[in-house]
Student: 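Here it is: the structure, laid out below.
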Protein chains: 2
Amino acid sequence: MQEGTGKWYGYCMVTNKKIILQTDPFDNNCPSRRALDLISDKWTSLIIYLLSDGPQRYTQLKRQIGGISQKMLTQTLRKLEEEGLVTRTVYPTAPPSVEYALTPLGETLLEPLVRLLEWAQTFGLQMRSPASEAV
Amino acid sequence: MQEGTGKWYGYCMVTNKKIILQTDPFDNNCPSRRALDLISDKWTSLIIYLLSDGPQRYTQLKRQIGGISQKMLTQTLRKLEEEGLVTRTVYPTAPPSVEYALTPLGETLLEPLVRLLEWAQTFGLQMRSPASEAV
DNA sequence: CAGAATCCGACCTGATACTG
DNA sequence: CAGTATCAGGTCGGATTCTG
């Protein structure tokens, strides 16, 4: 039943490559949905990857990503921290120093994410080949 | 040095879990980026999964997903078709019938996507859900 | 250094109406 | 059935300015 204003997401579960869709408009806590939302973020995956090399400081991350605005970097890091994928450690030195690192949970995300990027590298180049399609 | 108007994405490549970031503001064709953009879509992964059970018709998909608008369903399917992940077959019957199916390329995407959702199911629950959800 | 707060345009999205 | 076209609201993201 559509609640008019309230928008909701498909509730997806994977069981042996089978999908069960639930349609509870009030259940927004679907882990699958949350995970997808997470990596759907434009910068999340990049940050996760950068942190896979070890803890990094704020400016370090910013410099490496380059195109990210400080707002987005902070926002993304905060979200990752909130979700428990990244830790934020503040060293109260004279110039403030903040270090971000992956949590064990965050490191588990690394693996499926790598698979996805590997897919992208292997097959991504085949995308957008309109001539190779015979409908 | 920011190039002013042109916004750009991090160009990421994975090599043995190592990341190489390139910062060419004009190269928007990064396969990794494209792949992430693809699954970052709210509905893409759901559709891919539904199609993993075999070809489905437009209304069939719509009914199963439920909360999706026609616009979004069509838009997403078009994008997937354009990227070569989905085929669109029109049967010129009396009531028009259109069938969507995964291409071989689309099926290859299924695997990493499954890994991601499996991760979500296994570890997603460990993520801290923001208690400020009332939707 | 590491942000917070603000403004503002671009884009995404859903609702609605119409079509072969 | 399977769309297309259009419009309005909301969100996202970047640039800028200010702070401890």
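Throughout, protein chains are lettered first and strands after them, A, B, ... in sequence-line order, and every chain is numbered starting at 1. The basis for the numbers below is simple: all heavy atoms, side chains too, and nothing from hydrogens, waters or symmetry mates. Since this is a predicted model, take the numbers as computed values, not measurements.
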Student: For R78(B) and dA5(D), give me the distance from atom CZ to atom C1', rounded to whole Å.
Tutor: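 Rounded to whole Å, this separation is 14 Å.
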Student: Rounding to a whole Å, what distance do you find between L73(A):CG and dG14(D):P?
Tutor: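 After rounding, the gap between these two atoms is 11 Å.
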Student: Whole-Å distance between dT11(D) P and Q75(A) CD?
Tutor: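 From Q75(A) CD to dT11(D) P: 13 Å.
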Student: Examine dA2(C): is either OP1 or OP2 under 4.0 Å from a nitrogen or oxygen in the side chain of R57(A)? Give yes or no.
Tutor: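 Answer is yes, contact under 4.0 Å.
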Student: If I take atom OH from residue Y100(B) and atom CZ from residue R88(B), how far apart are they, to the nearest 0.5 angstrom?
Tutor: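 Here the rounded value is 4.5 Å.
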Student: Want to settle it: does T74(A) or P96(A) sit nearer the 5' end of DNA chain C, counting the closest nucleotide to each?
Tutor: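 Its nearest nucleotide lies further toward 5', so the answer is P96(A).
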Student: Y91(A) near the nucleic acid: base, sugar-phosphate alone, or nothing, with a heavy-atom cut-off under 4.0 Å?
Tutor: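 Counting heavy atoms under 4.0 Å across all strands, no contact is made by Y91(A).
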Student: Between Y100(B) and dC1(D), is there a side-chain N or O to OP1/OP2 distance below 4.0 Å?
Tutor: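 No, Y100(B) has no side-chain N/O under 4.0 Å of OP1/OP2 on dC1(D).
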Student: Quick one: is S69(A) getting a side-chain N or O under 4.0 Å of the dA15(D) phosphate, OP1 or OP2?
Tutor: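 No, outside the criterion.
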Student: Please check the phosphate of dA4(C) (OP1 and OP2 only) for any side-chain N or O of Y58(A) closer than 4.0 Å.
Tutor: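 Answer no for this pair, as no side-chain N or O of Y58(A) is under 4.0 Å from OP1 or OP2.
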Student: Please state how far atom CE in M72(A) lies from atom P in dC11(C), giving the value in whole angstrom units.
Tutor: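 The answer, rounded to whole Å, is 16 Å.
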Student: Heavy atoms only: give me the nearest S69(A)-K62(A) pair and the separation to one decimal.
Tutor: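 So the two residues come closest at C-CE, 4.4 Å.
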Student: I need the CD-C1' distance between E81(B) and dA2(D), as an integer number of Å.
Tutor: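 After rounding, the reported distance stands at 13 Å.
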Student: Minimum heavy-atom separation for T44(A) and L38(A), please, with both atom names.
Tutor: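 Taking every non-hydrogen atom into account, OG1-O, 3.1 Å.
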Student: For the pair made of NZ in K71(A) and P in dT17(D), what is the distance, rounded to whole Å?
Tutor: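 That distance rounds to 16 Å.
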Student: Kindly give the heavy-atom pair with the smallest separation between P96(A) and R57(A), and that separation in Å.
Tutor: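 For P96(A) and R57(A), the tightest heavy-atom pair comes out as O-NH2, 4.0 Å.
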Student: Specify the separation, in whole Å, of atom CG of L61(A) and atom P of dG3(C).
Tutor: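 Checked: the CG to P distance equals 10 Å.
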Student: Under 3.5 Å, is there a donor on one side chain and an acceptor on the other for Q64(A) and Q56(A)?
Tutor: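 Distance-only check passes for Q64(A) and Q56(A).
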Student: Go nucleotide by nucleotide along DNA chain C from the 5' end; which of Q70(B) and P95(A) gets its closest nucleotide reached first?
Tutor: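 The answer here is P95(A).
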Student: Quick one: R88(A) CZ to dA2(C) C1', roughly how many Å, whole number?
Tutor: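 Rounding to the nearest Å, CZ of R88(A) and C1' of dA2(C) are 8 Å apart.
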